[in-house]
Participant: 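Please find one structure pasted underneath; my questions will follow.
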Amino acid sequence: METIAEVFTRYETVVTHKSGAQEDTDVEMEDSVLGEVLNEKIDAEGSSTERGRLLAAYILAVQGQLSLDSDTIKFDSGMTTAAERTADLTMLHDISDTALPQVDCQVCYNIMLDPVTTFCGHTLCRVCMSRVLDHSLHCPICRRVLALPPRIEEHPNNKTLVDIQNTLWPDMIKARRETVAAEEVGEQGDLNTALFVCTLGFPEQTTFLRIFEPRYRLMLRRCLEANREFGILMYNRYSEPQGDLGPVHFYQIGTMLRIIRVQVLADGTSLIETKGSERFRVKAHGLVDGYAIGNVEPIHDVNLAEEERIEAAETGLPPPTDENDVLGQIDRMPTADLLRFGQEFIRKMQGRSAGWLQQRVLDIHGQPPDDARLFPYWFASVLPISEDEKYKLLDTRTARARLKITAAWIRRIETQRCISYPALPTWVG
Amino acid sequence: MTAPLPKRIIKETERLQTEPVPGISAQPHDDNARYFDVTVQGPDGSCYEGGVFNLELFLPDDYPMTPPRIRFLTRIYHPNIDRLGRICLDVLKNNWSPALQIRTILLSIQALLGAPNPEDPLNEAVAKQWKDNQAEAIKNAREWTKLYAQPKE
Ligand SMILES: [Zn+2]
Ligand SMILES: [Zn+2]
C-alpha cells in the first residue's frame, strides 16, 4: 500500500518536470492570475488541462508562488473541462485513499471519531480512549502513562485532524457518528435497560455505590449520557431458578436507580449516590460490552381500593387457633397497626442506641417515613439482616404485604435473646 | 440475543485469511465468530520443529479491551505452558494492549516456542528439567512433538 509520502513524491515528479519550463519565464505573479499563467505554461508544454486544477494549485504551492493567506485561485476559464474534473477527482481519490488508513483508530479499526490525542502523541477515537482508560492508565500504543484528566470529557478533540477528516471523508464521518451514537446507547432492540448486578436497592431509598469495574464504568458513562437511570439487581449466588429466565446470575426483581451525584476519583473509580424509583422484573436479558442489559416490566402496587379490600378480608379472619402462631396474628393486624408496630420498634431500638440506627445512618437514609408504602423499604435499607430476607419486599403488590414482612422480622428479632448486630459497612454495596 | 460483531473483529479475521502469517492459521467457527481454531507450526531450528500445535482462541465480549483467551490443545513439553495448555505470556496478561491483535499474539506464541523461558515458569517440573539438564529437556520436547504434534495428513 502506498503511503501519503509516496503519493506526493509521485506527483512531485510531475511538478518538478513542469517547473523546469517555468523557471526561465519571468512573470509577475499575482494570486488572481496565477492559475491563468500556470495553465498557459502547461498549455505551452502541450500536456495541459488533463492535469487538473488541484495539481495546478499544488505546483504553485511547491514553487512557493502560492501565498499562505490566499484562499482562492482564479483560472483562465470559469469553466472546468471534463478532463480537468476527472484529473482533479483522480488526484483527490488518490490522496484520500492513501490517507484513510492513517486515520484509522488502532482500537476499533474504524475511521477515528472525535479524535483525542494523548500527551505521548497518540490518537484514538474519544469513545475508544474512554474505554482504554476504564481498563488501564497506559497508552495502548506506546504504554506510557496517559496524562489525561480523569473525566476524558474535559480533554479536547484534535481539531486539525477533525478538520482534515471533515474535508476528506464527510460521509464516512457522518456514518460513523451515527453508528457510534447507536452503539453508545448500549441497547439491543427491546433490551433497553442497563442492569447492574450487585446488590439490592429500594424505591425512594438512597443507595451509595462504588463503581470500579471497567464494564460498569462504561455502563455508568452511558447512563449519565442518557436518562441517568439503571436497574440494580442482586447477585444470584446459588444460581436459583428465576422464573422463565432459569438459573441466571441475578435475581429477577430489582429496582431502578436514579443517579443523583457522581464523584470521579483520580484512579477512575466513581462514587455515586442514587435514589431508587420503581421496581421491575426482568423479562429478557442480554449482554453488551460485558454488562447485562434487559427488557424489564415495572412492578406496581395494586390500587387503594384493592389494598383496602385485601386488608378487610385478612383482618376479618377468625383469630388463629394457636395463640403462638405469630405469623397468623400478623396476618390479621390492620395495616395502620403494622406500620405503628414497626415505628415503635424503631423508637425502642433508638432508645437502646442500636448501632444500625446511628446518626450517620439516619443522615443517609433519613428518619423513618410515615408512609406505609415506603416504611418497609426504609427499614430494609437500615436493618442489618440478610439480603435474601430483604429481597422478599421487592416481589409484593401491597404496602400491607411489605409491612407484614417487616413485622415478621421484628417478631423474630425480639424473640432472639441475644442479637448481635454486625457493624455497618461504610458503603452499601 | 447477541450483539453484532465489531468491525475490528471482522477486519482482523479477514486479514488473517487474506494475508496469513507464515506457519500460523486461525479459522473462526461458523457458529461463533469469536471462537477460532488455531494451528501454530513449531519454529525451524527449535525443539518443536516439524510439530503442528492446535490451540483454541476466544475473543471475550470486551475484546480488545481485554486480551484473547488462548490455550494449547495439543500437549507440549514447554516450561511456560502448563498441562492444561495455559500459556504464561505477559502480553496475554498484564502487558496486553488494545493496539495488539490476534496476529501479534499468535506471533508471540510462536516466538515463545522458539525461546522457552524456564526463569518464568508455568510448568514447574518442566522448568526444573530445563534448568537442571537442558539437553534432556530438549530431547523430551522433541519426543513430545513427535508423539503429539504430528500434522494430520
Ligand atoms: Zn476507535
Ligand atoms: Zn502513546
Side-chain angles (χ1 to χ4, degrees), chain A residues 1 101 104-111 113 118 120 122-125 127-144 146 172 175-176 179-180 182-183 185-192 213-219 284-295, chain B residues 1-22 26-29 31-36 57-70 88-108 111-112 120:
Chain A
M1 190 182 292
D104 256 3
C105 169
Q106 290 196 59
V107 167
C108 66
Y109 290 21
N110 286 293
I111 189 167
L113 183 68
T118 63
C120 47
H122 293 114
T123 309
L124 300 176
C125 308
V127 283
C128 293
M129 189 68 81
S130 302
R131 296 201 56 191
V132 164
L133 283 168
D134 288 342
H135 290 259
S136 164
L137 294 170
H138 296 268
C139 171
I141 321 285
C142 69
R143 298 180 196 276
R144 263 175 272 195
L146 286 168
M172 284 181 74
R176 181 72 191 133
T179 311
V180 168
E183 280 170 6
V185 175
E187 296 178 358
Q188 290 165 16
D190 59 0
L191 302 181
N192 53 10
E213 272 188 73
R215 54 188 171 149
Y216 290 126
R217 289 192 202 181
L218 175 64
M219 185 197 86
H285 68 108
L287 208 60
V288 66
D289 299 312
Y291 65 88
I293 50 173
N295 177 238
Chain B
M1 189 182 225
T2 47
L5 208 59
K7 178 150 174 216
R8 159 153 182 163
I9 297 181
I10 296 170
K11 278 195 175 176
E12 275 202 65
T13 308
E14 270 172 15
R15 204 170 149 228
L16 283 167
Q17 316 297 321
T18 55
E19 304 164 47
V21 192
Q27 194 68 42
H29 280 201
D31 56 350
N32 186 350
R34 289 174 175 269
Y35 193 95
F36 292 74
L57 182 150
F58 177 71
L59 301 175
D61 191 67
D62 48 3
Y63 178 81
M65 292 303 146
T66 55
R69 311 264 159 79
I70 308 183
C88 178
L89 193 61
D90 61 345
V91 286
L92 283 176
K93 303 203 167 73
N94 298 337
N95 268 342
W96 168 254
S97 147
L100 296 173
Q101 36 176 305
I102 299 173
R103 170 183 297 267
T104 47
I105 287 298
L106 294 180
L107 279 167
S108 302
L112 187 70
D120 185 20

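Below, read A as the first sequence line, B as the second, and so on, with proteins coming before strands; counting in each chain starts at 1.
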Participant: Considering all heavy atoms of both residues, which atom of A:Pro140 and which atom of B:Ala99 are nearest to each other, and what is their separation?
Facilitator: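 What the structure gives for the nearest pair is O-CB, 3.4 Å.
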Participant: Given a strict heavy-atom distance threshold of 4.5 Å, which part of A:Cys128 is in contact with chain B: side chain, backbone, both, or neither?
Facilitator: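 It is the backbone, since no side chain atom gets that close.
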Participant: Tabulate, in ascending numerical order, the residues of residues 11-20 of chain B having at least one heavy atom closer than 4.5 Å to a heavy atom of chain A, or enter 'none'.
Facilitator: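 Near chain A, by residue number: B:Lys11, B:Glu12.
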Participant: Can you tell me how far the CG atom of B:Asp61 sits from the OH atom of A:Tyr291, to the nearest 0.5 Å?
Facilitator: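 Spacing of CG (B:Asp61) from OH (A:Tyr291) equals 10.5 Å.
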Participant: Which pair of heavy atoms, one from B:Arg8 and one from A:Tyr109, lies closest together, and at what distance?
Facilitator: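 Shortest heavy-atom separation between B:Arg8 and A:Tyr109 comes out as NH1-CE1, 3.6 Å.
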Participant: Looking at NZ of B:Lys7 and CG of A:Asp104, how far apart are the two atoms once the value is rounded to the nearest 0.5 Å?
Facilitator: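 Here the rounded value is 6.5 Å.
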Participant: So which atom in A:Val107 and which in B:Pro64 form the shortest heavy-atom distance, rounded to 0.1 Å?
Facilitator: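 Smallest interatomic distance, heavy atoms only, reads O-CG, 3.6 Å.
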Participant: Given the rule in the side-chain contact (heavy atoms from CB on, under 4.5 Å) test, do B:Ser97 and A:His138 qualify, once you have shown the distances and angles that lead to the verdict?
Facilitator: CA-CA 9 Å; B:Ser97 147; A:His138 296 268; over 6 Å; no
Participant: Can you tell which part of A:Arg215 gets under 4.5 Å to a heavy atom of chain B, answering side chain, backbone, both or neither?
Facilitator: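 A:Arg215 has no heavy atom closer than 4.5 Å to chain B.
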Participant: Can you give me the closest heavy-atom contact between A:His135 and B:Thr66, atom names plus distance?
Facilitator: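 So the minimum-distance heavy-atom pair works out to CE1-CG2, 3.9 Å.
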Participant: May I have all residue pairs that pass salt bridge (Lys or Arg N to Asp or Glu O under 4.0 Å) and include part of residues 128-137 of chain A, sequence neighbours excluded?
Facilitator: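 Of all non-adjacent pairs touching residues 128-137 of chain A, those that pass salt bridge (Lys or Arg N to Asp or Glu O under 4.0 Å) are A:Arg131-A:Asp289, A:Asp134-A:Arg221.
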Participant: If I compare all heavy atoms of B:Val91 with all of A:Arg143, which pair ends up nearest, and what's the gap?
Facilitator: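 Closest pair (atom of B:Val91, atom of A:Arg143, distance): CG1-NH2, 4.3 Å.
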Participant: Please check if atom CG in B:Asp90 has more than 12 non-hydrogen atoms from other residues, nucleotides or ligands closer than 6.0 Å.
Facilitator: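 Buried by this count: over 12 neighbours within 6.0 Å.
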